Each structure stands twice: as C-alpha cells, then as structure tokens.
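Here is the structure we will look at, set down as structure tokens.
Atom set for the values below is all heavy atoms of this structure, side chains included, hydrogens, waters and symmetry mates excluded. In what follows, chains are A, B, ... by sequence order, proteins preceding strands, each numbered from 1. Values in this document were obtained by computation on a predicted structure and should not be read as measured data.
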Amino acid sequence: MQIHCLKDVQTVLTDAFEAGLRQKYGADFARLFRDVIEYRPRVDLDVAELHRCVELDTTPVLKDIVANQVTGATLRAVRSLLIACALLADRTGVERWATELLNRCSQGGGDWPATTAQWQAVMKDPLQFIQVARQIKYFLNQA
Amino acid sequence: MEKKRILMIDDEVPFTNLVKMNLERTGRYEVRVENHPLQAVAAALEFKPAAILLDVVMPQMDGGQLLAEFQTKGQLKNTPVILLTATVTQQVAKALQGQVGCRTIVPKPVDAKRLIQLLDEMLEMPFFSFRFGRSASADEVPPPA
C-alpha cells in the first residue's frame, strides 16, 4: 500500500496493532482495543483529563437513557465512557457501561447488535480489558 | 399514620437492603425491593407505590426503559420517581441541580438523610411542584392584566 499522508500512516499502524492484538486476545477484544487506540490520543493516561472527559460525556448519556432515547450517538458516547473508565482503572465503571451497552445493543439497530460479543468479553474479564487498554495507551505514549 | 409505600428497583442487593433498612427505620415508609428489572413493572402494579426509587443502569432493562413502561400504565403514570445512579458524582448532580429530564436524581453512594428528606418533601408536596422540580415563585407569576 502506498502511504500518502499521516492519516494513512495511522490507519496502517492501527490495522497492524489490531491484527497483532487479535492473535493474542481474540477478535472481540481486538476490535475494542482498536477503539482504545483511537480514543482521544491527546488525553492519553492523564487522570484529571480522563475524569473531565467522563464528566462531560456522562450528562448527555444520562439524559438520553432517562428519556429512553438512546441512539447510535448515545452508544458511541457510552463506548467512550467505557474506554475512559478502563484507562482510569475503574472496574465498576467499565462493568456499568458494558452492562448498558449489552442491554441496548441487543435491542438496537444498525451495526450495534454485532458488537454484543465485545461487551460480553468485557463483562467476562474486565480486569484483562483494563490492563491491556492501559498498556496500549502507555506504549503509544512512549512510542 | 399510614406508612407510605416505596418501591425500590435496583439490581444491587446489598445496596437495596441498606436503603430499605434506613427508610423503614423512620417508621413512615414500607419498602418493597425489586432486584430484577424485568419484574419491576409487575411489582409496581401489584404494590401500588406512592413513590419509586429507580436505578438507571441495570442489566436487561435500564431505568429509562422502565420509565417508558411506567408511562404506558395508567396507575403508574403519575407515580413520582427518584433516580438513583452511580453514573454521576455529587458535584455533577449539583451542577445539574439534582434534575435530569425533569426527574430528580440522587448520586450513589446515597446519603440516607438526604433521600429521606427528598421523599418526605415529594410525598407531601402537590403534584406539580415535584414533577417540575420546583414551585413557581411569586415573582415568576405574571401580574394580572
């Protein structure tokens, strides 16, 4: 593949990461780790910034859930919350948002039902998800 | 004095037991706990609560889905609901003025005194004031034409 710009380089590297992670952790975790790689690169493992992101994302998500108007955008925000909680090593938070994703994805439309296995994998082994997600961010920061 | 019935819907068993104990200790409340969200509507229809304490994130059915179900049941439509949630901190709840979508939210861990105070106020105030979060103050009422 001919590389034209930074975006291409990022895609090539992310694809390579995902392929390697798939071999070790399976397809469901690997797809989610790709989202971890792409999650707010500038925030990294900065605890204060991550807390700020969680606070910012939580309010609209909570409003959508309470109004029972959960859309694809809401689910993307919930996934961001799950990743932020993983980077904060907040197991309760990870389990909470994986529960919500499992609940809503099984009833949702679009591509979301296909992600159900990812949230099941997180619920099965939240500690491994947290550990690897944090290691990925740490590695990317050092690279 | 007749005890007011409170239905608590939350999948966390130890938490529900603790809140039930705190509320019943006041002597003013009879609390029924439902730890299975899928059985919550049936439990509410049977128990006929004066108010409902509802967790937001639960497996199989979340608080929003249950609220929507309650709206379709005539008997439950106007039952006041307090949302209990660990998704927001005390600070965020304060910034939201304790309200999300016209519903009162209480962050977990729950301050038992605050919860009792909220229930006392909610169950003694006229319907419109707690539904919309506050009563209109005198200076918000337009002067007569």
**OP:** Using the side-chain contact (heavy atoms from CB on, under 4.5 Å) rule, take B:Asp62 and A:Arg104 through it: C-alpha gap first, then chi angles, then the decisive distance, then the call.
**Re:** CA-CA 9 Å; B:Asp62 65 36; A:Arg104 290 286 184 167; 2.8 Å; yes

Subject >> Side chain to side chain, A:Asn103 and B:Gln65, heavy atoms closer than 4.5 Å >> reply: yes

Original post:
In Å and rounded to the nearest 0.5 Å, what is the CG to CD1 distance from B:Leu83 to A:Ile65?
Top reply: 10.5 Å

Original post:
Are B:Met21 and B:Leu53 grouped together when hydrophobic residues (ILVMFWY) are joined by side-chain heavy atoms under 4.5 angstrom apart?
Top reply: no

Original post:
Given that the side chain runs from C-beta out, which part of A:Leu102 has a heavy atom under 4.5 Å from chain B: side chain, backbone, both or neither?
Top reply: neither

**OP:** Return yes when atom CD of A:Gln128 has more than 12 non-hydrogen atoms of other residues, nucleotides or ligands closer than 6.0 Å, and no otherwise.
**Re:** yes

Original post:
Does A:Val132 share a hydrophobic cluster with A:Leu127, counting links as ILVMFWY side-chain heavy atoms below 4.5 Å and allowing steps through other members?
Top reply: no

**OP:** Say whether A:Asn68 and B:Gln71, considering side chains only, have a donor N or O and an acceptor N or O under 3.5 Å apart.
**Re:** no

Original post:
Side-chain heavy atoms under 4.5 angstrom apart, residues restricted to Ile, Leu, Val, Met, Phe, Trp, Tyr: same cluster for A:Val94 and A:Tyr138?
Top reply: yes

Original post:
Is the number of heavy atoms from other residues, nucleotides or ligands under 6.0 Å of A:Lys63 NZ greater than 12?
Top reply: no

Original post:
Rounded to the nearest 0.5 Å, how far does CE of B:Met58 lie from CZ of A:Arg96?
Top reply: 13.5 Å

**OP:** State which residue, out of A:Thr59, A:Thr58, A:Leu62, fulfils the side-chain contact (heavy atoms from CB on, under 4.5 Å) condition with B:Val92.
**Re:** A:Thr59

**OP:** Mind listing the closest non-hydrogen atom pair of B:Thr89 and A:Glu55 along with its distance?
**Re:** OG1-OE2, 4.1 Å

Original post:
Which region of B:Ala95, side chain (C-beta onward) or backbone (N, CA, C, O), has a non-hydrogen atom less than 4.5 Å from a non-hydrogen atom of chain A, or is it both or neither?
Top reply: neither

Subject >> B:Leu45-B:Ile52 co-clustered via ILVMFWY side chain contacts under 4.5 Å >> reply: yes

Original post:
Are B:Thr87 and A:Val61 close enough that some pair of their side-chain heavy atoms sits under 4.5 Å apart?
Top reply: no

Original post:
In terms of hydrophobic clusters joined by side-chain contacts under 4.5 Å, are B:Leu67 and B:Leu38 together?
Top reply: yes

